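One structure below.
Below, all heavy atoms of this structure are taken into account, side chains as well, without hydrogens, waters or symmetry copies. Just so it is clear, the structure is predicted and the values come from calculations on it, not from any experiment. So that the names make sense, note that chain A is the first sequence line, chain B the second, and so on, each numbered from 1.
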There are 2 protein chains.
Amino acid sequence: MKRPTLEAVAARAGVSRATVSRVVNGSDTVNPDIRTAVLRAVKELGYVPNPAARSLVTQRTGSIGLVVSEPPARVFSDDPFFSQVIRTVCLELETADRQAVLMMPSSPDGQARVERYVAGGHVDGVILLSLHGADPLPAALLRTGVPVVSHGRPVSTARPPYCDADNVGGARAAVQHLLDRGRRRIATISGPPDMSAGLDRLAGYREILSGTGRRSLAAIGDFTRESGAAAMAQLLEDDPGLDAVFAASDLMATGALYALRRAGRRVPDDVAVVGFDDIDAARFTDPPLTTVRQPIAEVARTIVRMVLDGADDTTPVIFPVELIVRDST
Amino acid sequence: MKRPTLEAVAARAGVSRATVSRVVNGSDTVNPDIRTAVLRAVKELGYVPNPAARSLVTQRTGSIGLVVSEPPARVFSDDPFFSQVIRTVCLELETADRQAVLMMPSSPDGQARVERYVAGGHVDGVILLSLHGADPLPAALLRTGVPVVSHGRPVSTARPPYCDADNVGGARAAVQHLLDRGRRRIATISGPPDMSAGLDRLAGYREILSGTGRRSLAAIGDFTRESGAAAMAQLLEDDPGLDAVFAASDLMATGALYALRRAGRRVPDDVAVVGFDDIDAARFTDPPLTTVRQPIAEVARTIVRMVLDGADDTTPVIFPVELIVRDST
DNA sequence: CGAGTATCAGAGAGCGCTCTCACAGAGAGC
DNA sequence: GCTCTCTGTGAGAGCGCTCTCTGATACTCG
């Protein structure tokens with residue numbers, strides 16, 4: 001009733017353990033006849049290698065850690081952007097015959113767990129998602145010597161290699177588009193100031209506006225829909241005459257649309273709205289949302305490749321983004 | 001430069017390997033003085049147990065597989081419902097000091113991988129999400145002898161234990177609510193007919209309607225926003241006089257809202273809409289969505305408990321749901 | 001025809017841990 | 001004072017696998 005071992009397969013095929021190991025691991029220095037005999041024995045016994053025994057000697061596990069660092073208060077992880085990244089990373093890892101171990105440390109205690117877990121050699125590499133500035137985790141993980149790659153430019157002092165979309169360029173394109181549409185008073189709902197996606201998109205916004213000599217008007221959000229709605233309300237209070245807003249994420253943009261509706265403003269007639277990400281929902285809002293599309297899948301795939309390659313090439317990879325014009329502008 | 005082993009810690013603390021092992025694993029039959037000495041050695045050397053070696057002998061891994069069975073065509077996994085389940089499962093597992101291994105087999109090949117992975121003893125248990133009727137995976141996994149629990153009633157012939165929300169009751173409540181509001185011609189957008197959440201919510205709808213002698217009018221969706229929009233368009237064509245619709249998921253309901261808007265129908269004046277799930281976005285639609293709230297977190301937590309308990313109690317656990325009335329009805 | 005050279009299978013030493021079992025020493029009971 | 005528990009430690013045997021190294025066989029070439 002026990003699971004068959006290499007030994008059992010070897011006995012059945014009439015060869016040694018070493019040969020079975022060779023066949024199972026696809027070595028090409030095995031006589032074809034012996035190989036087929038071994039494969040038959042494997043099939044007959046339903047042999048599956050014991051991963052623990054294997055990784056005990058190979059020092060590798062075939063798993064990659066996917067760490068989503070999000071404070072407990074934030075429900076940011078409901079952002080479809082996240083699901084898409086996680087899904088793509090997962091699929092890409094499966095292509096490479098690896099598994100994703102999902103970790104969502106939501107407390108210092110959880111972070112310590114992740115650190116121990118990685119230091120313990122549970123995973124061959126780590127992908128960091130949604131890094132925040134003060135997060136001590138990247139530094140700790142880099143110290144373990146395990147390959148670490150960040151999704152998005154890290155803001156912390158520890159700088160793992162990363163891959164990101166062109167956040168600054170995307171924000172520039174969004175704001176320029178609003179200017180081209182003749183908007184004069186353009187506000188922004190920025191992301192959290194401890195995340196590069198927040199900072200960079202704000203920087204792009206400021207850059208374009210300052211080029212035209214206009215004042216900037218910003219309210220800070222945290223990428224959630226709720227914060228988008230609150231920020232929009234705040235902006236309307238600060239400057240009732242605004243006629244456009246650039247939200248640093250689609251989720252916040254949908255919150256802004258909600259707040260504008262409640263305030264009785266028409267979109268785009270009174271206020272034009274641009275988002276960022278191009279999540280699925282952006283096509284179904286009222287009105288459909290103009291937004292900056294980032295190549296989520298490509299970034300995710302690149303990150304997987306980077307971490308599987310050992311994360312030794314530390315030059316960042318930045319993907320271009322694309323403005324998708326719909327009816328909200 | 002190598003990682004310290006138990007042996008090294010033992011040498012440093014001046015005790016045997018066995019004693020260190022006892023301390024590390026929290027045995028209470030160790031002399032307090034020796035224990036502190038060992039703990040100091042552990043800290044000084046930065047010792048972290050090797051999980052492979054440990055699970056080689058204990059036959060357990062500390063990981064639970066989270067299998068999301070979704071055909072590649074469907075983007076269902078963008079449903080915030082999913083993210084929430086995955087997040088809660090993950091957090092709950094971390095509480096129990098376990099890790100979640102995320103698997104999204106999107107092809108027969110991927111399913112075979114999952115099967116091998118589980119059979120190989122990589123995980124101590126499996127949680128199945130989003131099971132479809134014809135899926136051969138549950139049966140295969142049950143055969144491995146590893147504890148398997150399904151999130152949602154399984155429709156396949158293989159019947160792992162499961163935990164679910166009261167889908168039938170929720171649908172009943174939704175439709176009854178529409179009747180109470182004086183609606184006469186109530187349609188439904190159902191979920192896929194190979195999933196229990198689809199079937200059961202449709203059953204609840206039919207049950208209430210047939211109780212009043214009314215005809216049912218259903219269009220089939222697949223829980224995506226796109227399918228909700230398409231189904232709504234279809235329903236309007238089939239019966240332009242309908243004055244209410246019950247969508248089997250909030251995501252489909254938002255699609256329906258979009259389709260109704262495009263068709264020039266006002267919600268709730270012309271057509272009332274009820275969803276299912278109570279995702280975050282439901283509060284921010286135009287108008288905010290009446291929906292059936294299911295206790296996503298409780299179900300997720302229960303499932304984790306079930307699988308950690310060995311999935312030996314096969315009686316299903318069903319949680320009650322709650323109708324949340326907003327402005328769409 | 002014998003020495004040299006590939007080619008490929010087997011033997012065996014671990015990888016780092018847990019866990020059973022033996023055993024030493026302290027205290028209890030007569 | 002002696003045996004009898006009881007408590008707590010150490011010794012050592014694996015867990016199932018990989019991988020190096022040895023050795024056997026077949027082949028090439030002078």
- Message: Rounded to whole Å, please give me the gap between CZ in Arg54(A) and P in dG16(C).
- Response: 18 Å
- Note on the structure: Here the distance between atom C1' of dA24(D) and atom CD1 of Ile34(A), to the nearest Å, is 13 Å
- Would you say dT18(D) has OP1 or OP2 under 4.0 Å from some side-chain N or O of Ser21(A)? yes
- Query: Has the side chain of Arg22(B) got a donor or acceptor atom sitting under 3.5 Å from an opposite partner on the base of dT18(C)?
  - Reply: no
- Message: Nearest heavy atom decides the nucleotide; on that basis, is Leu6(B) or Asp28(A) closer to the 5' end of DNA chain C?
- Response: Asp28(A)
- Message: Under a 3.5 Å cutoff, is there a donor and acceptor pairing between the side chains of Asn25(A) and Ser27(A)?
- Response: no
- Item | Distance in angstrom units between Asn50(A) CG and dC17(C) P, rounded | 16 Å
- Name the closest nucleotide to the Thr58(B) side chain, picking from dC17(D), dA9(C), dC19(C). dC19(C)
- Query: Rounded to whole angstrom units, what separation is found between the CZ atom of Arg17(B) and the C1' atom of dC21(C)?
  - Reply: 15 Å
- Note on the structure: Arg3(A) atom CZ is separated from dG16(D) atom C1', nearest whole Å, by 9 Å
- Message: Using 0.5 Å steps for rounding, measure from the CG atom of Leu308(A) to the CD1 atom of Ile64(A).
- Response: 5.0 Å
- Message: In whole Å, I'd like the distance from the CD atom of Glu7(A) to the P atom of dG10(C).
- Response: 12 Å
- Determine, stepwise, if the pair Glu44(A) / Arg40(A) fulfils salt bridge (charged side-chain N to carboxylate O under 4.0 Å, His left out). CA-CA 6 Å; Glu44(A) 283 170 0; Arg40(A) 190 175 55 239; 3.8 Å; yes
- Query: Only one of Val304(B), Val307(B), Val299(B), Ile127(B) clears side chain to side chain contact (heavy atoms under 4.5 Å, CB included) with Cys163(B); which?
  - Reply: Val299(B)
- Is any side-chain N or O of Asn31(A) closer than 4.0 Å to OP1 or OP2 of dT7(C)? no
- Here the distance between atom P of dC19(C) and atom CG of Leu56(B), to the nearest Å, is 12 Å
- On DNA chain C, nearest-nucleotide positions of Thr5(B) versus Ala18(A): which is more 5'? Ala18(A)
- Full working for side-chain contact (heavy atoms from CB on, under 4.5 Å) between Arg54(B) and Val24(B): CA-CA 12 Å; Arg54(B) 177 176 279 175; Val24(B) 169; 3.7 Å; yes
- If pairing means Watson-Crick or G-U wobble with both distances under 3.5 Å, then the partner of dG29(C) is dC2(D)
- What integer distance in Å separates Asp33(B):CG from dG8(D):P? 12 Å
